[in-house]
Amino acid sequence: MPWRRTADPYQIWISEIMLQQTRVDTVIPYYKRFIEKFPTLDDLAQADEQILLKQWEGLGYYSRARNLQAGVKEVAQNYGGIVPDNRKEISSLKGVGPYTAGAVLSIAYGIPEHAVDGNVMRVLSRILLIEEDIAKPKTRKIFEEAVTEIISHEDPSSFNQGLMELGALICTPTSPKCLLCPVREHCAAFHEGKQNVLPIKTKTKKTKSLQYAMIAIRNEDKFLMEQRPASGLLANMWQFPMLETAVDILPVEIEEQLSESLKGIVDKAEKITSFKHVFSHLIWNVDGFIADSKNISAPNHMRWVTAEELDLLPIAGPVQKMKISLQQRGDV
DNA sequence: CATTCGTGGCG
DNA sequence: TCGCCAAGAAT
């Protein structure tokens, strides 16, 4: 992993933010590009947010990027550009929670601090036969105390990483490879045959569905784009103008409602695509339209952009899908 | 504390 | 096809 070839606390910090809820193989190319673009803490502190979000495009959880930059700016201004080397101060930085604090402290500074993530809770729940629900926030404290007891003071970095890697490669969520496990003789769950029922983790509720019409509004060589609000889902990302429609609406009714709400703005809307996009906690069902407009005024939070400018705007999954279908038609 | 925040891979 | 899951933090 490229972030294990550096001792720079800033670069290790970057990697730990990217790795939140994200697989190693997904992060690697993003990390490499990011470090090339923002090699030092000051480079990121001074970066334009749109450029930053464009670098983050496709990684998801975009508030991570904005919180990361906020934290980096705090370090530049209040800590002389040196990432704090104690839990109290580093935890005060935006986007740095209990796990990331411990990860950076142990990996970058060699300090014996716990770094409890999902892997660690799964591994230790089995080894130590801990049957608390790991979906509950307060349960993490139990594992933090356990790690504090057993962490190596000679090499806390390797200890924390080793625990996580054991979880990623051997002590997996389903069908753990106990026969290959180097610590199976120390594992209480293995001895009791409970490795397949631990950890205890309650189910999350199922996702809701929303129906949208997404409209690529074109005037000659430009498209009307809209920036999303500064908070909430896909904050500050750009999109083709969207209309929320009734979930149980018929396709023909969507087109009727569309031409009704865009009366005077667009000439005729033609449906060009239809797709589903799954987020963590909700689903978007999107019907994509293309329409021409004679009116080139841009409402609030909207801009007319050329195809080249469109390529510079940070856009998320659903807009990416719309853009691709426009490209396939030759509209962009 | 429960919910909100993306995306891609996998059984 | 679909639910589950992944090196979590903010609200």
Side-chain angles (χ1 to χ4, degrees), chain A residues 1-4 12-31 53 56-68 70-71 90-108 114-123 133-141 143-144 147 157-169 171-176 196 199 201-210 228-237 239 276-284 314-321:
Chain A
M1 295 179 281
W3 45 87
R4 296 309 177 228
I12 291 168
W13 182 7
I14 302 300
S15 73
E16 291 301 339
I17 299 298
M18 287 188 170
L19 284 164
Q20 289 170 8
Q21 300 291 285
T22 312
R23 296 176 187 286
V24 168
D25 289 342
T26 302
V27 168
I28 287 176
Y30 280 90
Y31 173 82
L53 284 175
W56 207 270
E57 181 182 288
L59 251 192
Y61 289 137
Y62 299 98
S63 64
R64 286 184 299 176
R66 293 181 300 118
N67 288 339
L68 170 61
I90 200 172
S91 297
S92 74
L93 302 174
K94 193 83 78 184
V96 178
Y99 163 77
T100 304
V104 174
L105 291 174
S106 61
I107 296 170
H114 59 74
V116 175
D117 70 339
N119 285 311
V120 173
M121 288 198 283
R122 182 175 60 257
V123 169
D133 182 1
I134 67 167
K136 303 292 185 186
K138 64 187 271 190
T139 303
R140 195 192 68 244
K141 185 173 167 64
F143 292 94
E144 289 174 346
V147 171
S157 170
S158 296
F159 181 92
N160 280 340
Q161 292 183 65
L163 211 47
M164 289 187 280
E165 190 145 330
L166 184 62
L169 301 181
C171 197
T172 47
T174 59
S175 33
N196 289 313
K201 187 178 185 181
T202 53
K203 313 280 187 189
T204 58
K205 61 176 191 179
K206 80 170 205 178
T207 57
K208 294 178 183 174
S209 281
L210 295 173
R228 296 177 60 84
S231 64
L233 182 67
L234 307 180
N236 283 1
M237 303 290 279
Q239 64 185 18
K276 177 173 73 170
H277 189 86
V278 181
F279 295 96
S280 339
H281 59 299
L282 57 89
I283 299 173
W284 281 9
I315 60 178
V319 186
Q320 199 78 50
K321 290 172 181 171

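What you see below is based on every heavy atom in this structure, not just the backbone, and it leaves out hydrogens, waters and symmetry mates. Sequence lines set the chain letters: A, B, ... in the order given, protein chains first and strands last, and positions in each chain run from 1.
One can place CD1 of I90(A) at 14 Å from C1' of dA9(C), the figure rounded to the nearest angstrom. Look at CG on L282(A): it is 8 Å from P on dT4(B), rounded to the nearest Å. One interatomic measurement links the two molecules: CG of D25(A) to C1' of dG9(B), which rounds to 10 Å at whole-angstrom precision. R66(A) places its CZ atom 13 Å from the C1' atom of dT11(C), with the value rounded to the nearest Å. In this entry the distance linking CD of Q21(A) with P of dG9(B) reads 17 Å, nearest Å. Atom-to-atom, CE of M164(A) to P of dA6(C) comes out at 14 Å; the value is rounded to the nearest Å. One interatomic measurement links the two molecules: CD1 of I28(A) to C1' of dT7(B), which rounds to 16 Å at whole-angstrom precision. Going from atom CD of Q20(A) over to atom C1' of dA9(C) covers 6 Å, rounded to whole Å.
Ranking dT7(B), dT4(B), dG8(B) by closeness to the H281(A) side chain, first place goes to dT4(B). The listed nucleotides are dA2(B), dC5(B), dA9(C); the one nearest the side chain of Y61(A) is dC5(B). Residue N67(A) places its side chain closer to dA10(C) than to any other of dA9(C), dA10(C), dA6(C). With dT7(B), dC5(C), dG8(C) as the choices, the nucleotide that has an atom nearest any side-chain atom of A316(A) turns out to be dT7(B). Listed nucleotides: dA9(C), dG6(B), dC5(C). Nearest to the side chain of L233(A): dG6(B). Comparing dG6(B), dA6(C), dC1(B) by their closest approach to the side chain of L234(A) singles out dG6(B).
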_If you apply the rule salt bridge (charged side-chain N to carboxylate O under 4.0 Å, His left out), what do you find for E16(A) with R4(A), and how did you get there?_
CA-CA 11 Å; E16(A) 291 301 339; R4(A) 296 309 177 228; 3.1 Å; yes
*Could you walk me through whether Q20(A) and Y99(A) pass the side chain to side chain donor-acceptor pair (under 3.5 Å) test, one step at a time?*
CA-CA 9 Å; Q20(A) 289 170 8; Y99(A) 163 77; over 6 Å; no
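Side-chain atoms of Y31(A) do not come within 3.5 Å of backbone N or O of T26(A) as any donor-acceptor pair. R122(A) contributes a side-chain N or O that, together with a main-chain N or O of C171(A), makes up a donor-acceptor pair within less than 3.5 Å. Between the side chain of R228(A) and the backbone N or O of Q239(A) there is no donor-acceptor pair closer than 3.5 Å.
For T100(A) and dG8(C), a side-chain-to-base donor-acceptor distance below 3.5 Å is absent, hydrogens and geometry of angles not being considered. For dG6(B), the base has a donor-acceptor partner in the side chain of T22(A) [N/O atoms by modelled type, under 3.5 angstrom].
As judged by a 4.0 angstrom heavy-atom cut-off over every strand, R122(A) is placed among residues touching the sugar-phosphate backbone only. Base engagement by S280(A) is indicated by at least one non-hydrogen atom pair under 4.0 Å involving a base atom. Contact annotation for M1(A): base contact, defined as any heavy-atom pair under 4.0 Å involving a base atom. Across all strands shown, V27(A) has no heavy atoms under 4.0 Å from either base or sugar-phosphate atoms. Residue K208(A) is classed as having no contact, given no heavy-atom separation below 4.0 Å to the nucleic acid.
The side chain of K201(A) contributes an N or O atom lying less than 4.0 Å from OP1 or OP2 of dA6(C). Distances shown here put every side-chain N or O of K276(A) at or beyond 4.0 Å from the OP1 or OP2 atom of dT1(C).
Of the residues near DNA chain B, Y30(A) and P137(A), the one whose nearest nucleotide (by heavy atom distance) lies more toward the 5' end is P137(A). Residues L93(A) and G167(A) each lie close to DNA chain C; by heavy-atom proximity, the contact nearer the 5' end of the strand is made by G167(A). Taking for each of K138(A) and Y62(A) the nucleotide of DNA chain B with the nearest heavy atom, the 5'-most of the two is the partner of K138(A).
Comparing the same atom, P, in dC5(B) and in dC2(C) gives a spacing of 24 Å after rounding to whole Å.
A heavy-atom distance below 4.5 Å is found between the side chains of W56(A) and L68(A).
For H281(A) and F279(A), the gap between ring centers reaches or exceeds 6.0 Å.
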